[in-house]
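Worksheet: the structure to be examined is printed underneath.
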Protein chains: 2
Amino acid sequence: MHKYSKQVRHLLAVDCIIFGFDGELLKILLIQRGFQPEKGNWSLMGGFVELNESLNQASNRILKQLTGLEGVYLEQLHTFGDTDRDPIERTVSTAYFALIDIHKYETQLSNDYHAEWFPLKRVPKLIFDHQEMVEAAKRRIRYKAALHPILFELLPNRFTIPQLQTLYESVFNTTIDKRNFSKRVLATGLLIKLAEKDKAGSKRGAYYYQLNMQNYYAKFQAFLNFIPNPDTLLL
Amino acid sequence: MHKYSKQVRHLLAVDCIIFGFDGELLKILLIQRGFQPEKGNWSLMGGFVELNESLNQASNRILKQLTGLEGVYLEQLHTFGDTDRDPIERTVSTAYFALIDIHKYETQLSNDYHAEWFPLKRVPKLIFDHQEMVEAAKRRIRYKAALHPILFELLPNRFTIPQLQTLYESVFNTTIDKRNFSKRVLATGLLIKLAEKDKAGSKRGAYYYQLNMQNYYAKFQAFLNFIPNPDTLLL
DNA sequence: TATATTAATTGTCAAATAAACACTAAAAAA
DNA sequence: TTTTTTAGTGTTTATTTGACAATTAATATA
């Protein structure tokens, strides 16, 4: 059968907003762009979509290139299609955001791409419309995390409740009463208490927990509401 | 400066899921495709993205072509990028969903495109991956409407509370206690009661309301929660 | 060894919210 | 005048949320 021969073809890219949590702050991984235009300036990790590659494949490829990681949380965010967003040539870019365990990230790859983690509050000036993409990703991660347990994807397999609370407080830039927080979190049935304690964070040590994966998948879509008064979240 | 001359170019399309409410059922507008492949089969309204046209412009153009409407609620849903989704040639498509007042829709345009409204429960077999797009749009409209007052976009300027309730019940396929419903809806401060009544729907007649646009924009992002126990909504 | 320090862990009560529930009112039709 | 139909409204109970502080475990220090 005929091809759509009369139609215009476009450049298609994917860009990844990669989130990580270092125990204190929510951060994103940025690279220094290695080619013109804007060579040397801070940028999201991205790349062009190839001919026989789906968007999901492309985003996973880009993510692996920079982090060495596969099979992590990666979700399509939005497609940015303004005609002038890339000054060289019209390029449509689909942004994805990834949530990774920052400790699994392979540090040596940073060097290849001159990559660096930046706290969300200290993101440098970015190329093109990447600033806008980051803003959209921030809104989305907050929106989604207010309702669904995605933030666990940022933690290692075993984590403590104080760690989890610090994560929520960092993402929502708020403080939460620890009695109410642990009550809510434990009431979800998402956590399994382990026998061992984490001794690094305090003298007393805090018990490790891990996700009950069964319940996690079952309840992922339920509205969980860990955040007090989540009334004015922006989508 | 140089172009990205070594990169592959792709076909880019937009497809629109157009929702309307006839007072009883939530429906979508489908067309019979006018060209090969799949000529004559049911399809979403769509089209290729042109060279100097943003995605938003393209989706607005497509929407206007079929409905005659401009300035209506139109939101990017998701970009579908599997390599084999169009059997003729690899095409990436960004799906948008629109919420329109079904009465403002210009009926004569139906004829040009052999368009027809289908209740969501009776959507015919669709071409390509349009079925998947419709499913995603259904999930999204429910998810968003459970938290934000988007469903007003489906109603005329003036509407009654029973009409509004029917709409919610139709979208969520549930029944809601009318005392609780009207209490909640009125408590938002989103509605202005008018002096006139709608006499079409009942003997007694129901008062018309219209949106308080000030409050509507101000509270759009707040979680409103008209739906009892919205616990298992799927994103 | 005793004491001090630090962070983890846990429960109650009050307030706000949500859910269940049924009668009266208005208007047209019979 | 009566019947029919749908609109409109208030109270009570149950559930959920939010505010609040003392105790415990372990290490560090005196």
Side-chain angles (χ1 to χ4, degrees), chain A residues 23-24 146-147 155 158-170 172 174-210 219 222-233, chain B residues 23-24 145-147 149 155 158-170 172 174-210 219 222-233:
Chain A
E24 190 182 1
L147 300 167
L155 294 173
R158 304 189 314 163
F159 51 86
T160 68
I161 290 187
Q163 280 168 10
L164 185 64
Q165 180 168 351
T166 304
L167 172 55
Y168 271 88
E169 291 180 336
S170 168
F172 290 95
T174 185
T175 57
I176 309 176
D177 180 276
K178 61 184 172 176
R179 289 161 290 191
N180 293 337
F181 182 79
S182 88
K183 241 186 303 177
R184 286 215 178 153
V185 166
L186 293 173
T188 61
L190 255 44
L191 300 189
I192 299 170
K193 188 177 191 171
L194 303 181
E196 204 180 334
K197 279 184 168 184
D198 164 46
K199 296 303 191 69
S202 71
K203 290 169 183 169
R204 176 173 171 178
Y207 282 105
Y208 279 119
Y209 286 80
Q210 66 180 30
K219 295 189 180 178
F223 289 173
L224 290 174
N225 214 28
F226 290 157
I227 306 305
N229 304 316
D231 234 22
T232 45
L233 288 170
Chain B
E24 191 183 1
L147 300 167
L155 293 174
R158 305 189 311 164
F159 51 87
T160 67
I161 291 186
Q163 280 168 9
L164 185 63
Q165 181 168 350
T166 305
L167 171 55
Y168 272 87
E169 291 180 336
S170 168
F172 290 96
T174 185
T175 58
I176 309 176
D177 181 276
K178 63 181 175 177
R179 289 160 291 192
N180 292 339
F181 183 80
S182 88
K183 240 185 302 178
R184 284 213 180 153
V185 166
L186 293 172
T188 61
L190 256 42
L191 299 190
I192 299 171
K193 189 176 189 170
L194 303 181
E196 204 181 335
K197 280 184 168 184
D198 164 44
K199 296 302 191 67
S202 71
K203 292 170 182 171
R204 176 173 173 178
Y207 282 104
Y208 279 120
Y209 287 80
Q210 66 181 32
K219 295 190 180 177
F223 289 172
L224 289 175
N225 214 28
F226 291 157
I227 305 304
N229 304 314
D231 234 21
T232 45
L233 288 171

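Computation of the quantities below employed the complete heavy-atom set of this structure, encompassing side-chain atoms and omitting hydrogens, waters and symmetry-equivalent molecules.
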Please state how far atom [atom1] in [X] lies from atom [atom2] in [N], giving the value in whole angstrom units.
{"X": "A:Arg184", "N": "D:dT16", "atom1": "CZ", "atom2": "P", "answer": "11 Å"}
{"X": "A:Leu186", "N": "C:dA8", "atom1": "CG", "atom2": "P", "answer": "14 Å"}
{"X": "A:Lys178", "N": "D:dG18", "atom1": "NZ", "atom2": "P", "answer": "19 Å"}

Has the side chain of [X] got a donor or acceptor atom that lies under 3.5 Å from a matching backbone atom of [Y]?
{"X": "A:Gln165", "Y": "A:Ile176", "value": "yes"}
{"X": "A:Thr166", "Y": "A:Pro162", "value": "yes"}
{"X": "A:Lys219", "Y": "A:Thr188", "value": "yes"}

*Just checking B:Lys197: base, sugar-phosphate only, or nothing, at a heavy-atom cut-off of under 4.0 Å?*
sugar-phosphate
*Using a heavy-atom cut-off of under 4.0 Å over every strand shown, decide if B:Lys183 touches base, sugar-phosphate, or nothing.*
base
What nitrogen or oxygen pairs link the protein and nucleotides 2-4 of chain D at under 3.5 Å?
unit_1	atom_1	unit_2	atom_2	d
D:dT4	O2	B:Lys203	NZ	3.3

*Tell me which nucleotide among C:dT9, D:dA21, D:dG18 gets nearest to the side chain of A:Arg179.*
D:dA21
*Taking the side chain as every heavy atom from C-beta outward, state whether A:Leu191 and A:Phe159 have any atom pair closer than 4.5 Å.*
yes
*Earlier contact from the 5' end, DNA chain C, for B:Lys199 and B:Arg204*: B:Arg204
*asked:* If you assign each of B:Gly205 and A:Gln163 to its closest nucleotide in DNA chain C, which residue comes earlier from the 5' end?
replied: A:Gln163
*Do A:Asn180 and D:dA19 have a side chain to base donor-acceptor pair shorter than 3.5 Å?*
yes
